[in-house]
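For reference, the structure is listed below as structure tokens.
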Amino acid sequence: MSNQNRTMYGGRIDRGKVINFVFNGKKYKGFHGDTLASALLANDVHLVGRSFKYHRARGILTAGSEEPNAIVQLGLGARTEPNMRATEIELYEGLEAASQNCWPSVNYDIGSLNNVLSSIFPAGFYYKTFKWPPSLWLFYEHFIRKAAGLGHSPTAKNPDRYEQKFYYCDLTIVGGGISGLLSALAAGRSGCSVLLIDENPELGGYLLDYNFSINEKDGIKYIKNIVDELYSMDNVRILKRTTAMGYYDYNYLTALEKVTNHCDQLSKTLPRERYWRVRSKKIVLAQGAFERPLVFADNDRPGIMMASAGKKYLSRYGVLPGKSVVLFTNNDHAYQTAFEFNDKGAKLSVVDTRDNIDSRIQKKCEDLGIKLYSSSSIISTNGNKKVNQIEVQKVDRKQNELSGECITLDTDCILMSGGWNPAVQLFSQSRGKLRYDNVLNTFVPDKLIQDQIIIGCNNGCFDLSKNLNHSYQEGLNAAKDLNYEIADSINWTGEEEISFTESSVEPYMLGKKKVTKGSKHFIDFQNDVTAADIFLAQREGYISVEHTKRYTTTGMGTDQGKTSNVNALALMSHIHDKPVDEIGHTTFRPPFSPQTFGAIAGRSVDHLFDPERRTSIHKWHEENNAVFEDVGQWKRPYYFPKKKENIHDAVKRECLAVRNSLGMLDASTLGKIDLRGPDTTKFLDMIYTNAWSKLEIGSCRYGLMCNEHGMIFDDGVTTRLGEDHYHMTTTTGGAARVMSWLEEFLQTEWLDMEVFCTSVTEQWTVLSISGPNSRKFLQELTDIDLSKENFPFMKFREGKVCDIDSRVFRISFTGELSFEVNVPSRYGRFVWEQFMQHGKKYNITPYGTETMHVLRAEKGFIIVGQDTDGSVTPMDMNMDWIVSKKKQDFLGKRSFTRPDTMRSDRKKFVGLLVNDKKTVLPEGSHIVEKALKQPPMKMLGHVTSSYYSPILGHPIALAMVKNGSNHLGEKVEIPLMNGKVIEATIADTVFYDKEGNKNNE
Amino acid sequence: MFVINCPYCGERDQTEFSCHGEAHIARPDNPAEVSDEEWGEYLFFRNNPKGIHFERWTHDHGCRRWFNVMRDTVSDKIIKTYKMGDQKPGVTDV
Amino acid sequence: MNNDKNHLSPLADKIPINSDNISLQQNEFIGKLNLRVKENDLKAREVIENYFNYILPKLSGEVSGNDEGRVLWLGPNEYLILCSDENKSNIINNLKEKLKESFYALTDVSDYYLTMRLSGPKSIEVLSKACPLNFEKNLLKKNSCAQSYISKATVLIDRLSDEPVFDISVRWSFAEYLWDWLVDSSNEFIVSE
Amino acid sequence: MKYSFYNLVRNSFSYHENWEKAWSSPELKPEYDVIIVGGGGHGLGTAYYLAKEFGVKNIAVLEKGWIGGGNTGRNTTIIRSNYLWDESAALYNHAVNLWEGLSSELNFNVMFSQRGLFHLAHSVHDMQEITRRGYSNYLNGIDAEILNQEQVAKKIPHMNMHGRYPVLGALLQRRAGTARHDAVAWGYARAAENLGVDIIQNCEVKGIDISNGKVVGLQTTKGSVKVDKVGLVPAGHSSVLADMAGFTLPINSVPLQALVSEPIKPILDCVIMSNSVHVYVSQSDKGELVVGAGSDAYNSYSQRGSFDMIEHMMAPLVELFPIFSRLKMLRSWGGIVDVTPDRSPIIGKTPVKDLFINCGWGTGGFKATPGSAHVFAETVSKGEPNDIAAPFSLDRHYSGALVDEAAAAAVAH
Ligand SMILES: Cc1cc2nc3c(=O)[nH]c(=O)nc-3n(C[C@H](O)[C@H](O)[C@H](O)COP(=O)(O)OP(=O)(O)OC[C@H]3O[C@@H](n4cnc5c(N)ncnc54)[C@H](O)[C@@H]3O)c2cc1C
Ligand SMILES: NC(=O)c1ccc[n+]([C@@H]2O[C@H](COP(=O)([O-])OP(=O)(O)OC[C@H]3O[C@@H](n4cnc5c(N)ncnc54)[C@H](O)[C@@H]3O)[C@@H](O)[C@H]2O)c1
Ligand SMILES: Cc1cc2nc3c(=O)[nH]c(=O)nc-3n(C[C@H](O)[C@H](O)[C@H](O)COP(=O)(O)O)c2cc1C
Ligand SMILES: [Zn+2]
């Protein structure tokens, strides 16, 4: 039999469209318009999942986003998703879902043993045990972890796509119930740009399931008219299936739209979800309210649900969740549900905690043959996988005691209603302050902080007429505030069949004794927090709400306490005999509902995760087999292996090519800054440690920058192009940092200095050619006179290279004769290829960063960021020669004379030669005077750079060693992690061409 | 997530900007003459009030200008933005 | 003169988009000059304005120009001059003469930026996926510009017409990333199922 | 009553109605020998060690809210000691040594779980950095293993090794891991109270009385109190308290945020940190992924931060673990961290006599809790820092002797 709980007619499902789906391996049928929850109930499936800790049988509690129990594993393979609320999953053809946190099956779950042993697992039990022996904690933990968790993570990459969107508007309205709709209507008619957001597939909210009228017309039809009108307005944008997730400062709202989640067909182009970032001038919160459960013994069995949920299943989905139904309530409103269930053929009883029940309601119950137990409470329930029996007893609310005989009733469904909690989550996130309302017995919005409006049930008002008028008027007011000419006011009357009287809503009514002993009174369903746990927390001193929350985990589940928070607080208030306002509440934090990671990541995945910055020659490198290195966001050729070469072979070949003939490096990634203005020289004098005033036009100079702490922070060659005009280069990784460093001082400190800085990094492609043949080679391609006399070292010339207007700098980072040719980037690859072609006869060899590193290390040139970190001064690097003694001031100078910077035993930059002439020391390995058998050992310093030098035929290393420059020639040891100890000798930092003749050839 | 009123570009999203700490800290005119203590104060010691804070921001993805912001560190509300070199507002200016 | 055939852009191999909703093309290389001159240096500004025969934008987002070129506001004291590629060196040299006494900077950044043109009715929809600008406020009109970011690239957007036509300039090294991003983001508006 | 499995079973027969208070709520006395301001892990721990090891009798901990409600209750719980500089290594390793016996020492299970921590290296430069740190750790006697790509792939099966920034290797510290943050505060509180310490919540210090350059009393929301020595351990609020005592600190208080996913069955059994891809993640015993990243750059006391920081940690997480893309963020939150210029703490004396401070732990002080508390207790009781604490004096900002973990590209957490 299938759909045995479906009513003959009614509901807003499409009975013409049958949908097949699978739950826990079994096939079922539902209809278009069903949720997974409604379809399961229609098929008489009530046991849907197991609880977190005790593995109790759980069913479907609600019909919306607040569901704590019916959370399932949805979908298969890479598309599987844990912890999905069955109450929100729209049924689609082929849907597959399964219960979670149970083994081997939801029906026979071994974990439910925990329930039997639950008496030794109260809140916080793990703090009290598993401490001994400490070494076994990992062992215990293994099993604890296995038992915890809910669903399973997918184990394959997510195949779906997520998009994002920034959006601006006048007014965002969260909640498409009648309140939100009317506000939207008023603001929309007045011309505001409006964004209306609702998490459901259909607008209309709560009232869609009830009989009501607006201005004496059928309410449902009225809603449809409003919705149609809103859709017809260009200035109103409506997002259905969209949940407002976070409400941040400055009216910044994030929302998650389900774009194709509910579809059976996967889209090739549309995302699964779209993440909205919305900034609006005003925000209207019209989120309605969540019905509050009642707390009684074993109130968690499948078959027990919220009254409004029962109503929704019946009215919207045509599902009768039970035939013999008990309504357990403390308010009038829920009676509508009882009457409707009665109408649809269910046998009804009502248990009402109140002494005085509206006479009209009493009468109607009598007329319909509904047995009404007033001043009563359900005190226990029975039924293994579904509720089948309850006990009812009189309750004396003043004494908080139960009395009289227990009546036993058979039932297959309990509908409970403990009153309503306005959905204050977003309001609270926005820093709004709440107040406890002693009539509604719940928290309601009090003090607004941002430019916002709260309307409808969200504002704690449950009177339809009031809400209609208020909502519409607030829409108009908002428009007026935003300077729109407002539409006409309207007088609204609305009537519900039975409205929510604010008479008495009792959050908690059970005798204390009953709570602590024996059966479980659940407060937080998902996390298995019982009333006894709350008592225990108070008893043990976890009295602050925040302690109670963390000790018991109440409100920490995937529903974030939407159903449990207020009951927990009310119970604490009861225990301490203090008003709830004094108890307070925990902090509401984003998101409102669990929010997909992938949607927040958006398209910043795979090839779009982070930009790959590429030079103009990049494609050539790719085509020529370069292996790339990531330097910041840049991709730089690391080396260019030929067929069978590994990195060592390739680097050796590249190094020797440069030393013996001609090599070429793509140096375009270096930062380049054009500086101009009458104060530029003065400015450079402050920025660099050395002096600039004497630099001739057309000359280059190496400079070192320190931060104000006196530590090296960048270096590079700067060239004087004109009297007031310089071209500065920086390290690849430091380019942005240097630019903002310059701007910082120009814009905030030396406002009078006349200097303009312009970044030209990508304007120029830089081809660095190096090697004894570089002059000969380049001369063939340029009209610049490269002769020694006319173009000396550290000079700059302009001219044509390969017929392209170029800037050529004679500077060298390899120690060989070198030229850095700068051409506009559009010609970069052209010139590179020309060089490759014309350079054949010199065996021109493209080389990568590794070779560059080896070559400069052979010369003892530093790499900022490798040989230095942010804790070394120029003097530490033995670069006193570049620190001006004459200049009165430059950035960092003052810090050189602090006691610590003047310490004599600071680490100094030295060379290291391994005594075995074979071992290439690991970069980062540490140096000791004499190795001990075992750590700890006192360290003298560490190896900053280390390579095999092809030209020298042995390894070389650079290092920072305590007082190292005073220990040249002395022996030190480097203990490796594998236990080996390498001997080395402290040496000069220059290993090759100590006289520096090569680049002056 | 603030909306920041760049003195040059007007209101823009916070993500276009970055913050660089306390404003109105002048570099000593003649660093050579200040004591280690005074130099340390200049380098490291900062007002870190619970309340009104003056700080420097840059409009990185915009006009690239540095400017000052007066902000309450409790409510995170920006009270005022103003250009470099403009007079530091007093609490009464607000 | 430089051999045009050897101009190479990293976008040369990319396939442009031409659809009813979205078009994306790479622009030809043109001259782009970064001009820095103080707001209150009226003298220098006058020389410049006279030379170009247009006024420099005064406010954020302003673009001015004439048949021969456009000038975009980048910041107080900072402008981007768009001109023909042939003309750029002339401009630099001529102004050098005329502004001898002034504090200014005019820097060739023609290859610093690459520019692509995004147009079509869905282009704002594409941009607003990852650009935080309020297009109503910042780029509503023809001849307005704004700097911001698109996903992880800093950009300069220039609106060229009342129809949604945008020239988006980005640093050369980010060009491929931005192009790929735009193509990826246009996808849902191009392919129909 | 001692916490043990035996007692759990015994108490189950009386419906757990006989458990005692873990700590009580005494009235503020008129006078104390030592007052610790700040009831986070560091403050409570300090009180505990003062009573236990340094023989101080009359101690109070004043907490303006609820104990553990500061950063102790809102951090991503990562514990490690593989810091670069000798000074840091000594301090943090002292802490890890204490962590290892803490549950038994306190008779409270703080669930210190040494599941191992991987610092990922994504570039040649990263490899150099982890090697340098690894070697420094090794010679300092701190466990360190440098793994290559293959070894990492084997140990962390679901990680994407070949993304935009490929994983080239990792530095593994096996003794590193996580602990149950709240339990640390509660465990110390209970143990301290057992030694007679008064733990006074909802008691905010509003003023510091100083006479002749010496601290003599405190003004609190529960009245004034006389005192001989005071230890300030107020984390995010350290500047606020320094202000009361008339000095400034080299500190900015900035937001740091974190988030958790919905709980899932075990999928990640170690701690992952990536400095270049910029995210760190572990899975808690309850099953949530606990995820963190960088701090906001502006000062704030609002315990929130800007949401773009959360957004910026999501893409890296999904990049490293594409399988997590469908999981969901359950909750995000912020704390206020007191950040020093060199990212190292300040422990020791202040310009005011008998007023001591322990602050500036910034984004990474949870791991130090027992060590910090222990050395600070000694500092307060003896009036002088011991060898481990000495390098972390306030003076270093004048002398330049920073312990600059930030400069050396070590990671913050
Ligand atoms: C999101 C986040 C992630 C982090 N991740 C890690 C991590 O993975 N690993 C790690 O090691 N560290 C981490 N940290 C840092 C770590 O949390 C802190 O360094 C550490 O918890 C500090 O402990 P504490 O006891 O000093 O401070 P807190 O726990 O903040 O305690 C200070 C207490 O002082 C109280 N106080 C302040 N002013 C007053 C007053 N006037 N009167 C009375 N009381 C006052 C406060 O209310 C507070 O309870 C993280 C921090 C955050 C925010
Ligand atoms: N539960 C109740 O709200 C409730 C109770 C009693 C009576 N009523 C009747 O309903 C009338 C008006 O109801 P209303 O319009 O104030 O509320 P409503 O419940 O009808 O509408 C609120 C809507 O907001 C949606 N929503 C909530 N949070 C959201 C989020 N973060 N993102 C997107 N959507 C979200 C809800 O799903 C719902 O559709 C009342 O006047 C009263 O007559 C309602
Ligand atoms: C390690 C860790 C794990 C957490 N796990 C959860 C969780 O499972 N569920 C939850 O709701 N919150 C969890 N939180 C967040 C807390 O609820 C809370 O947000 C955090 O302690 C900050 O406090 P506040 O939000 O009350 O300001 C966790 C926090 C931490 C530090
Ligand atoms: Zn700006």
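Naming: A, B, ... by sequence-line order, numbering from 1 per chain. These numbers come from the heavy atoms of this one structure, side chains and all, not from hydrogens, waters or symmetry mates.
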Spatial distance of atom [atom1] ([X]) from atom [atom2] ([Y]) [nearest 0.5 Å]:
X	Y	atom1	atom2	value
Asp900(A)	Leu402(D)	CG	CG	7.5 Å
Leu921(A)	Thr131(D)	CG	OG1	12.5 Å
Asp182(D)	Lys549(A)	CG	NZ	9.0 Å
Thr254(A)	Phe307(D)	OG1	CZ	5.5 Å
Asp869(A)	Gln128(D)	CG	CD	12.0 Å

Q. Pick one: which of Leu268(D), Leu289(D), Leu327(D) meets side-chain contact (heavy atoms from CB on, under 4.5 Å) with Ser153(A)?
A.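 So the option named by the test is Leu327(D).
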
Q | Parallel, tilted or perpendicular: ring planes of Phe108(D) versus Tyr127(A), cut at 30 and 60 degrees | A |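 The rings of Phe108(D) and Tyr127(A) lie parallel, inter-plane angle below 30°.
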
Donor-acceptor contact below 3.5 Å, side chain [X] vs main chain [Y]:
X	Y	answer
Arg145(A)	Gln283(D)	yes
Tyr135(D)	Pro975(A)	no
His547(A)	Trp186(D)	no
His152(A)	Pro266(D)	no
Asn109(D)	Tyr126(A)	yes

Q: Flag the pair Tyr542(A) / Trp23(D) as yes when their ring centroid distance falls below 6.0 Å, and as no otherwise.
A: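 Ring centres of Trp23(D) and Tyr542(A) closer than 6.0 Å.
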
Q) So, for Trp137(A) and Phe112(D), is the gap between ring centers shorter than 6.0 Å? A)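 No - the distance between ring centres of Trp137(A) and Phe112(D) does not fall below the 6.0 Å cut-off.
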
Any salt bridge linking [X] with [Y]? Criterion: basic side-chain nitrogen under 4.0 Å from a carboxylate oxygen.
X	Y	answer
Arg539(A)	Glu20(D)	no
Asp606(A)	Arg164(D)	no
Arg326(D)	Glu81(A)	yes
Arg304(D)	Asp249(A)	yes

Q. Out of Met313(D), His122(D), Gln303(D), which one racks up the most heavy-atom pairs below 4.5 Å with chain A?
A.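 Ranked by heavy-atom pairs under 4.5 Å with chain A, first place is Gln303(D).
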
With only heavy atoms counted, which part of [X] is less than 4.5 Å from chain D, the side chain, the backbone, both or neither?
X	result
Ile600(A)	both
Leu976(A)	both
Ala931(A)	neither
Pro154(A)	both
His942(A)	side chain
Asn527(A)	side chain
Gln538(A)	backbone
Glu923(A)	both
Leu150(A)	both
Tyr162(A)	side chain
Tyr140(A)	neither

Q. Is the closest side-chain donor-acceptor distance between Glu141(A) and Ser113(D) under 3.5 Å?
A.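 Side chains of Glu141(A) and Ser113(D): pair found under 3.5 Å.
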
**Q.** Choice from Thr80(A), Thr901(A), Ile543(A), Val928(A) maximising heavy atom contacts with chain D below 4.5 Å
**A.**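 The candidate making the most pairs under 4.5 Å is Thr80(A).
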
Q: Find the one option among Arg272(A), Arg903(A), Arg79(A), Lys53(A) whose heavy-atom pairs under 4.5 Å with chain D are most numerous.
A: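 Greatest number of close heavy-atom pairs with chain D: Arg79(A).
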
Q: Before giving the answer on side chain to side chain contact (heavy atoms under 4.5 Å, CB included), spell out for Arg115(D) and Leu138(A) the whole-Å C-alpha distance, their side-chain angles and the decisive distance to 0.1 Å.
A: CA-CA 8 Å; Arg115(D) 42 193 56 259; Leu138(A) 272 180; 4.0 Å; yes

Q: For residues Arg277(A) and Glu311(D), determine if any side-chain heavy atom of one lies less than 4.5 Å from a side-chain heavy atom of the other.
A: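 Yes, at least one pair of side-chain atoms sits under 4.5 Å.
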
(Q) Before you tell me yes or no, could you show the steps for Met245(A) and Met329(D) under side chain to side chain contact (heavy atoms under 4.5 Å, CB included), namely the whole-Å CA-CA distance, both residues' side-chain angles and the distance that decides it to 0.1 Å? (A) CA-CA 10 Å; Met245(A) 291 293 188; Met329(D) 172 167 82; over 6 Å; no

**Q.** Proximity breakdown for Val9(D) and chain A, heavy-atom pairs closer than 4.5 Å
**A.**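 Both backbone and side chain.
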
Q.
What part of Ser24(D) gets within 4.5 angstrom of chain A, counting heavy atoms only: side chain, backbone, both, or neither?
A.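 Neither part.
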
**Q.** Derivation and outcome, side chain to side chain contact (heavy atoms under 4.5 Å, CB included), residues Gln100(A) and Lys265(D)
**A.** CA-CA 10 Å; Gln100(A) 21 179 69; Lys265(D) 292 291 176 197; over 6 Å; no

Do you know which two heavy atoms are closest between [X] and [Y], and how far apart they sit?
X	Y	answer
Pro935(A)	Tyr138(D)	CB-O, 3.0 Å
Asn83(A)	Pro263(D)	ND2-O, 2.8 Å
Leu8(D)	Phe125(A)	CD1-O, 3.8 Å
Asp630(A)	Pro166(D)	OD2-CD, 3.8 Å
Ile267(D)	Thr155(A)	CD1-CG2, 4.1 Å
Ser604(A)	Ala315(D)	O-CB, 3.6 Å

Q | side chain to side chain contact (heavy atoms under 4.5 Å, CB included) between Ser261(D) and Phe597(A), worked out | A | CA-CA 9 Å; Ser261(D) 74; Phe597(A) 283 0; 3.5 Å; yes

(Q) Which residues pass the side-chain contact (heavy atoms from CB on, under 4.5 Å) test with Met902(A), not counting sequence neighbours? (A)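 Per chain and number, Met902(A) pairs via side-chain contact (heavy atoms from CB on, under 4.5 Å) with Thr897(A).
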
Q | Results of side-chain contact (heavy atoms from CB on, under 4.5 Å) for Tyr398(D) - residues two or more places apart only | A |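 Checked Tyr398(D) against side-chain contact (heavy atoms from CB on, under 4.5 Å); matches are Glu37(B), Glu41(B), Phe45(B), Asp395(D).
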
Q | Heavy atoms of other groups near Lys21(D) NZ, more than 12 under 6.0 Å | A |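 Yes.
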
